[in-house]
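The structure appears right after this line, and notes come after that.
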Amino acid sequence: MDFSQEEMVEAVERLVAGLLDRAGATAPPVDVLRIAEEHLGIPVTVAEAEDDERGRPRASRRHTDGIVLSPHATEEERHTAAAKGIARALLPDLLRKFGLEPGSEDKQASAYLRGLIAARLLVPTRLLRTALKQTKYELPALKQLFRTASCEAIALRWLDLDAPCVLAIVDDGVVATRRGNAASVSKKLTAAEQACLDGVMENDAPDKRRLDGWTVQGWPIPGRPFRRVILRAVPDEG
């Protein structure tokens with residue numbers, strides 16, 4: 001598509017902000033399921049539970065229309081599924097705004113735009129900016145506000161803001177994701193990030209370290225089948 005990333009993000013921001021305004025979503029958490037059903041008319045169903053060949057529960061795949069929720073889904077998973085369903089429904093109109101016929105775009109661009117929409121439905125930019133003034137980037141406090149979004153979804157939205165930072169998601173001591181919004185970064189942690197990670201892992205509690213011109217905050221993420229830690233590193237001023 002012959003459009004800049006900035007133009008696409010701006011179009012998505014306007015689209016989502018307009019939908020949230022019409023739905024009266026003025027404060028977190030965002031009830032994405034309600035928006036899907038009541039404001040967009042997207043049917044939401046819960047799949048029937050079935051057992052697989054080993055007798056383990058799984059969701060039936062008989063339903064294909066609208067948003068289909070697993071009977072075993074958590075609150076986060078239900079709202080994430082709704083956000084993805086809304087993104088699929090809104091994508092054609094968004095493409096037409098760019099003068100594109102739906103279906104003519106490549107799959108990578110389609111997935112990128114759907115991801116932008118879903119992320120901003122769960123954690124809207126305007127609501128996030130307001131919440132950060134209260135919470136000062138403390139992830140547990142933000143999670144209490146945006147309870148329909150996962151900790152990971154909340155943290156990844158920091159990369160869309162102006163404040164420079166590097167975000168790392170570490171599973172059992174191995175870096176799964178490491179991204180920066182000011183410059184490209186590798187998966188290798190800095191000394192400050194590693195020190196913060198070690199502190200979180202040792203005490204199973206939030207930690208904060210300052211080293212070599214960086215300040216790093218880290219948080220253990222509960223409810224995962226492995227030890228997940230999220231790190232936010234910011235350059236010190238001056």
Side-chain angles (χ1 to χ4, degrees), residues 9 12-40 42 44 46 67-70 72-91 111-163 165-171 176-179 181 200 206 217-232:
V9 170
V12 170
E13 290 281 4
R14 290 197 302 268
L15 180 68
V16 173
L19 174 60
L20 294 174
D21 285 343
R22 293 191 296 275
T26 59
V30 180
D31 190 339
V32 189
L33 282 166
R34 181 184 66 83
I35 293 174
E37 287 189 290
E38 297 181 10
H39 293 274
L40 295 175
I42 301 175
V44 178
V46 178
I67 296 167
V68 182
L69 306 178
S70 166
H72 316 292
T74 63
E75 181 181 37
E76 293 174 4
E77 291 167 342
R78 292 196 301 271
H79 286 277
T80 297
K84 291 179 179 179
I86 291 174
R88 289 194 299 270
L90 295 182
L91 182 61
Y112 174 70
L113 288 170
R114 292 198 308 270
L116 291 180
I117 295 170
R120 284 156 179 77
L121 283 167
L122 291 162
V123 188
T125 303
R126 182 175 60 189
L127 301 186
L128 177 60
R129 292 186 191 278
T130 300
L132 288 174
K133 295 177 182 178
Q134 303 171 250
T135 61
K136 307 299 182 185
Y137 286 92
E138 284 293 343
L139 187 54
L142 285 167
K143 173 58 179 170
Q144 287 184 344
L145 293 174
F146 295 94
R147 68 172 185 269
T148 57
S150 67
C151 290
E152 294 86 345
I154 297 167
L156 286 168
R157 291 261 28 231
W158 296 338
L159 296 171
D160 299 319
L161 304 178
D162 296 332
C165 72
V166 175
L167 179 74
I169 300 176
V170 185
D171 294 337
T177 299
R178 187 169 181 266
R179 302 179 192 171
N181 62 355
V200 174
Q217 291 174 277
W219 303 271
I221 306 303
R224 303 297 185 267
F226 35 74
R227 296 191 69 186
R228 169 161 286 180
V229 176
I230 292 180
L231 303 170
R232 177 180 180 264

Exercise. Do Leu156 and Arg179 have side-chain heavy atoms sitting under 4.5 Å apart?
Worked result: yes
Exercise. Is there a side-chain contact between Leu167 and Thr177, using heavy atoms and a 4.5 Å cut-off?
Worked result: no
Problem set entry | Of all pairs that satisfy side-chain hydrogen bond (donor to acceptor under 3.5 Å, both in side chains), the ones with a partner from residues 28-37, not counting sequence neighbours |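 Only Arg34-His39 qualify under side-chain hydrogen bond (donor to acceptor under 3.5 Å, both in side chains).
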Problem set entry | Sequence neighbours excluded - side-chain hydrogen bond (donor to acceptor under 3.5 Å, both in side chains) pairs with any residue from residues 19-29 | Asp21-Arg126
Closest non-hydrogen atom pair, [X] against [Y]:
X      : Y      : value
Pro206 : Pro220 : N-CD, 3.7 Å
Ala131 : Leu145 : CB-CD1, 3.8 Å
Thr135 : Ala141 : CG2-CB, 3.7 Å
Ile42  : Gly85  : CD1-O, 4.2 Å

I'd like to check the side chain to side chain donor-acceptor pair (under 3.5 Å) partners of [X]; sequence neighbours left out, ordered by chain and number.
X      : result
Arg14  : Glu10
Tyr112 : Gln5
Asp171 : Arg228
Arg224 : Glu152

For this session: Sequence neighbours left out, what passes salt bridge (charged side-chain N to carboxylate O under 4.0 Å, His left out) with Arg178? Give chain and number order.
Result: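 Here the qualifying residues are Glu193.
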For this session: Please step through side-chain contact (heavy atoms from CB on, under 4.5 Å) for the pair Leu69 and Val44, ending with a clear verdict.
Result: CA-CA 7 Å; Leu69 306 178; Val44 178; 3.7 Å; yes
Out of curiosity, [X] [atom1] to [Y] [atom2], how far, rounded to the nearest 0.5 Å?
X      : Y      : atom1 : atom2 : value
Leu122 : Leu127 : CG    : CG    : 12.0 Å
Leu90  : Leu121 : CG    : CG    : 7.0 Å
Ile86  : Ile117 : CD1   : CD1   : 10.0 Å
Ile169 : Ile221 : CD1   : CD1   : 8.5 Å
Leu20  : Ile35  : CG    : CD1   : 5.0 Å

Exercise. Among all residues two or more places apart in sequence or in another chain, which pass the side-chain contact (heavy atoms from CB on, under 4.5 Å) test with Ala82?
Worked result: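 Scan of Ala82 (side-chain contact (heavy atoms from CB on, under 4.5 Å), adjacent residues dropped) gives Val32, Leu33, Ile67.
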Exercise. Excluding sequence neighbours, so at least two apart, what forms side-chain contact (heavy atoms from CB on, under 4.5 Å) with Ala73?
Worked result: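 Ala73 satisfies side-chain contact (heavy atoms from CB on, under 4.5 Å) with Ser70, Glu77, Arg78 once adjacent residues are dropped.
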Problem set entry | Intermediate values then yes/no, side-chain contact (heavy atoms from CB on, under 4.5 Å), Val123 and Leu142 | CA-CA 10 Å; Val123 188; Leu142 285 167; over 6 Å; no
Exercise. Which residue pairs pass the salt bridge (charged side-chain N to carboxylate O under 4.0 Å, His left out) test when at least one of the two sits in residues 79-89, sequence neighbours left out?
Worked result: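 Every candidate salt bridge (charged side-chain N to carboxylate O under 4.0 Å, His left out) pair involving residues 79-89 fails, so no pair, neighbours aside, qualifies.
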For this session: May I have all residue pairs that pass salt bridge (charged side-chain N to carboxylate O under 4.0 Å, His left out) and include part of residues 135-149, sequence neighbours excluded?
Result: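 Sorted result for residues 135-149: Glu75-Arg147, Glu76-Lys143.
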Exercise. Between Asn181 and Leu161, is there a donor-acceptor pair closer than 3.5 Å when you use the side chain of the first and the backbone of the second?
Worked result: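 It does hold such a pair.
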For this session: Start with the C-alpha distance between Asp160 and Arg120, add both sets of side-chain angles, then the distance that settles side-chain contact (heavy atoms from CB on, under 4.5 Å), and finish with yes or no.
Result: CA-CA 10 Å; Asp160 299 319; Arg120 284 156 179 77; 3.5 Å; yes
Problem set entry | Criterion side chain to side chain contact (heavy atoms under 4.5 Å, CB included) against Pro124, the qualifying member of Thr130, Leu19, Val30 | Val30
Exercise. How would you list, by chain and number, every residue that makes a ring pair (Phe, Tyr, Trp, His ring centres under 6.0 Å) with Trp219, sequence neighbours excluded?
Worked result: Trp158
Exercise. Does the pair Val166 and Leu231 meet the rule for a side-chain contact (heavy atoms from CB on, under 4.5 Å), with working shown?
Worked result: CA-CA 8 Å; Val166 175; Leu231 303 170; over 6 Å; no
